[in-house]
Structures are given as structure tokens and as C-alpha cells.
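Naming: A, B, ... by sequence-line order, numbering from 1 per chain.
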Amino acid sequence: MSKKLPNIKLKKSFYRKDLLPVARNLVGKILVKKHGKNFLAGMIVEVEAYNGDFDQAAHSYGRKTKRNEIMFEDGGYLYVYFTYGAHHCCNVVTGKKGQGTAVLIRAVEPVSGIELMVKNRFDRKLKNEKEIFNLTSGPGKLCRAFAIDKSHSGTDITGNEIFLTSGKRVQKDEIGTSKRIGITKSVGLPWRFYLKNNPYLSRK
DNA sequence: CCAGGGATCCGG
DNA sequence: CGGATCCCTGGG
């Protein structure tokens, strides 16, 4: 008999702490988005931390603009941006007002609402069983599957549309660390955190 | 490996 | 305004 884990919505206080601990703690949490009367849900398996103070890869580095201003709010908001003319990327704002810190959600493991995610992402059924591993295994892919776009930037993620829940208990030794992917500045910072051996990572 | 694709930012 | 850049992805 397995005891069902409590799955409780994360509160503001979870996000309003230092960037790196929050980033590591986000691994294993569940991203939930209300989609009509259904819910899409995926367990976060890969994240990257960004800190505008000294990290030149962060959008908040050195400037506050219309696009990134939400990054300078208190933790607990979504920051979504559009890039390469095709893809959205979804970040969780962390820390205290004025800090400019956020965590990019790079990959999730689909948990529920999977058929809807497949429809959003491919506009067809899965071709084969392996394709599920291509559904949400990247920041642009998961935004597509969850139908998250710029209109969701600034969403309070302690509300009822998009939020995170407590999810799975993850031990420290289950979390891997590496350099971040796809950046050209501040490349040395080991600020990518992921669930080791998870098949839904953006890079295996 | 490479290029599409368009928002965004900066400098003039 | 032009030009460079971009926290990516899919298709060779």
C-alpha cells in the first residue's frame, strides 16, 4: 500500500529565498497549468539559475527593460520570453524585489493531461512510444506543450492558472550539476541542476 | 552540423 | 533606423 504524497501548492516563501537553493529545490516539483477544465502537469527534471548581478547570461544583467522587469519583482512570478523567432522559454522569478534572479525550467516529465500536451506540441497523436521523450524535454518544447507564451509572463504562480506543487521528495544525491546549456557568456557557472538518469532531460 | 525566425536591445 | 544577438529546435 503506497501512501499518496501530499501535493501542496508552493507558497511565496518558497520562491523568495536565494537563487541557487531555490533552483535545486525546484527539481521534483510539479508544474501545473489550468487548461479549460483540465490540468496539464509535469514534474520538473531540469533547471538553470540566472542572476543579473554578475551573470552576463541573465536577461536581467545590467539593465531593467520592459521585457525583463518582472525578473526584478519578488519571487513567485513567471517570466516568459520569446526567442529565435520561434520558441518561448519559461522562468520562475526568485529572491527579493530588485535582485533580478530567476530559474529557467528546461525540462519536465509529463504527469497528467498528456494527450492535450501532445496536441499542443505536435497537433497530432504520438507517432510511436519513444516520442513521449521528445514532448517536454527542452525549454521551448515544454512551453509549446503547456501552451505557455508571452501572455503568461508576469503570472503570479501562487494563483490558480499556473502554479507549482510540492511533488516528489528528491534526495540531494539524485541531483546532478553542470554548466548551463546554450549560452555564450558566463559559461563557466555550474548552475544547471537536473534529476540524474531521468529520460526526459533536454540532453541525455 | 546548420539555419530559420522574429522580438529585443543598443548605438547612431 | 540598422545590425547583432538570442536561456532553441528540427532536420541533415
Side-chain angles (χ1 to χ4, degrees), chain A residues 15 19-20 22-24 26-27 29 31 42 44-73 75 77-95 99-110 117-128 130-155 157 162 164 176-195 199-204:
Chain A
Y15 303 101
L19 172 65
L20 296 182
V22 176
R24 275 184 284 257
L26 280 169
V27 175
K29 300 296 184 281
L31 172 67
I44 297 173
V45 298
E46 177 180 343
V47 299
E48 286 176 356
Y50 288 86
N51 182 345
D53 265 357
F54 57 93
D55 165 14
Q56 297 180 72
H59 287 176
S60 49
Y61 177 73
R63 66 188 117 92
K64 188 194 274 191
T65 66
K66 188 83 194 275
R67 180 177 68 160
N68 71 15
E69 62 185 355
I70 192 65
M71 287 184 77
F72 293 91
E73 280 306 311
Y77 293 94
L78 214 57
Y79 166 51
V80 185
Y81 65 90
F82 182 68
T83 192
Y84 287 99
H87 311 292
H88 292 275
C89 294
C90 159
N91 300 253
V92 169
V93 177
T94 67
Q99 284 189 317
T101 56
V103 177
L104 171 69
I105 303 180
R106 284 197 56 91
V108 304
E109 174 174 328
M117 290 186 207
V118 170
K119 173 96 168 72
N120 289 339
R121 168 125 161 74
F122 301 119
D123 199 25
R124 55 168 171 74
K125 305 274 187 195
L126 289 183
K127 277 185 193 153
N128 55 56
K130 283 179 15 184
E131 206 175 30
I132 186 87
F133 300 110
N134 189 34
L135 182 59
T136 53
S137 53
K141 297 176 187 178
L142 74 91
C143 279
R144 172 73 71 145
F146 276 72
I148 290 174
D149 61 38
K150 278 192 303 181
S151 73
H152 300 101
S153 199
T155 301
I157 51 173
I162 302 175
L164 303 191
T177 302
S178 80
K179 295 177 181 178
R180 295 173 298 179
I181 290 172
I183 54 173
T184 57
K185 296 177 230 163
S186 300
V187 293
L189 297 171
W191 284 3
R192 172 173 172 258
F193 306 104
Y194 58 95
L195 207 49
Y200 297 91
L201 298 179
S202 67
R203 299 200 179 169
K204 320 299 181 212

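Rounded to whole Å, atom C1' of B/dA7 lies 14 Å from atom CG of A/Asn68. When rounded to the nearest whole Å, the span between NE2 of A/His59 and C1' of B/dC10 equals 15 Å.
Among the atoms of the strands shown, none is found under 4.0 Å from any heavy atom of A/Lys66. A/Arg180 comes within contact range of no nucleotide atom at all, as no heavy-atom separation falls under 4.0 Å. Within 4.0 Å of A/Ile183, counting heavy atoms only, lie sugar-phosphate atoms of the nucleic acid but no base atom. Using a 4.0 Å heavy-atom criterion, one finds that A/Arg144 contacts no nucleic acid atom at all. At the heavy-atom level, A/Thr184 lies under 4.0 Å from the strands shown only through sugar-phosphate atoms.
Side-chain atoms of A/Ser186 come within 3.5 Å of backbone N or O of A/Gln56 as a donor-acceptor pair. Looking only at distances, a side-chain donor or acceptor of A/Arg180 sits under 3.5 Å from a matching main-chain atom of A/Ala49. Checked by atom type and distance alone, the side chain of A/Thr136 never pairs as donor or acceptor with a backbone atom of A/Leu142 at under 3.5 Å. The backbone N or O of A/Ala102 lies less than 3.5 Å from no partner atom in the side chain of A/Asn91, so there is not a single donor-acceptor pair.
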(request) Using the side chain to side chain contact (heavy atoms under 4.5 Å, CB included) rule, take A/Leu135 and A/Tyr200 through it: C-alpha gap first, then chi angles, then the decisive distance, then the call. (result) CA-CA 8 Å; A/Leu135 182 59; A/Tyr200 297 91; over 6 Å; no
(message) Under the criterion side chain to side chain contact (heavy atoms under 4.5 Å, CB included), I'd like the reasoning laid out for A/Leu31 against A/Ile162: C-alpha separation, chi angles, the key distance, then a yes or no.
(response) CA-CA 7 Å; A/Leu31 172 67; A/Ile162 302 175; 4.0 Å; yes
(request) Applying side chain to side chain contact (heavy atoms under 4.5 Å, CB included), run through A/Ile44 and A/Leu164 and close with a yes or a no. (result) CA-CA 9 Å; A/Ile44 297 173; A/Leu164 303 191; 4.2 Å; yes
(request) Show your reasoning for whether side chain to side chain contact (heavy atoms under 4.5 Å, CB included) applies to A/Arg67 and A/Tyr81. (result) CA-CA 8 Å; A/Arg67 180 177 68 160; A/Tyr81 65 90; 4.2 Å; yes
Protein N or O to nucleotides 3-5 of chain B N or O, pairs below 3.5 Å:
from, atom 1, to, atom 2, distance (Å)
B/dG5, N3, A/Tyr84, O, 3.2

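Of the residues listed (A/Lys141, A/Glu46, A/Glu48), the one engaging A/Ser202 in a side chain to side chain donor-acceptor pair (under 3.5 Å) is A/Glu46, and it is the only one.
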(request) Could you provide the dot-bracket string of DNA chain B, using ( ) for intrastrand pairs, [ ] for crossing pairs and | for bases paired to another strand, with Watson-Crick or G-U pairs below 3.5 Å? (result) ||||.||||||.
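Toward the 5′ end of DNA chain C lies the nearest nucleotide of A/Lys185, the other residue of the pair A/Asn134 and A/Lys185 mapping further downstream.
Chain A approaches DNA chain C within less than 4.0 angstrom (heavy atoms of the protein), and the contacting nucleotides run 5' to 3' from C/dC6 to C/dG10.
Between A/Tyr77 and A/Tyr79, the ring center distance fails the sub-6.0 Å criterion.
Between A/Phe82 and A/His88, the ring planes lie tilted relative to each other; the angle falls in the 30° to 60° range.
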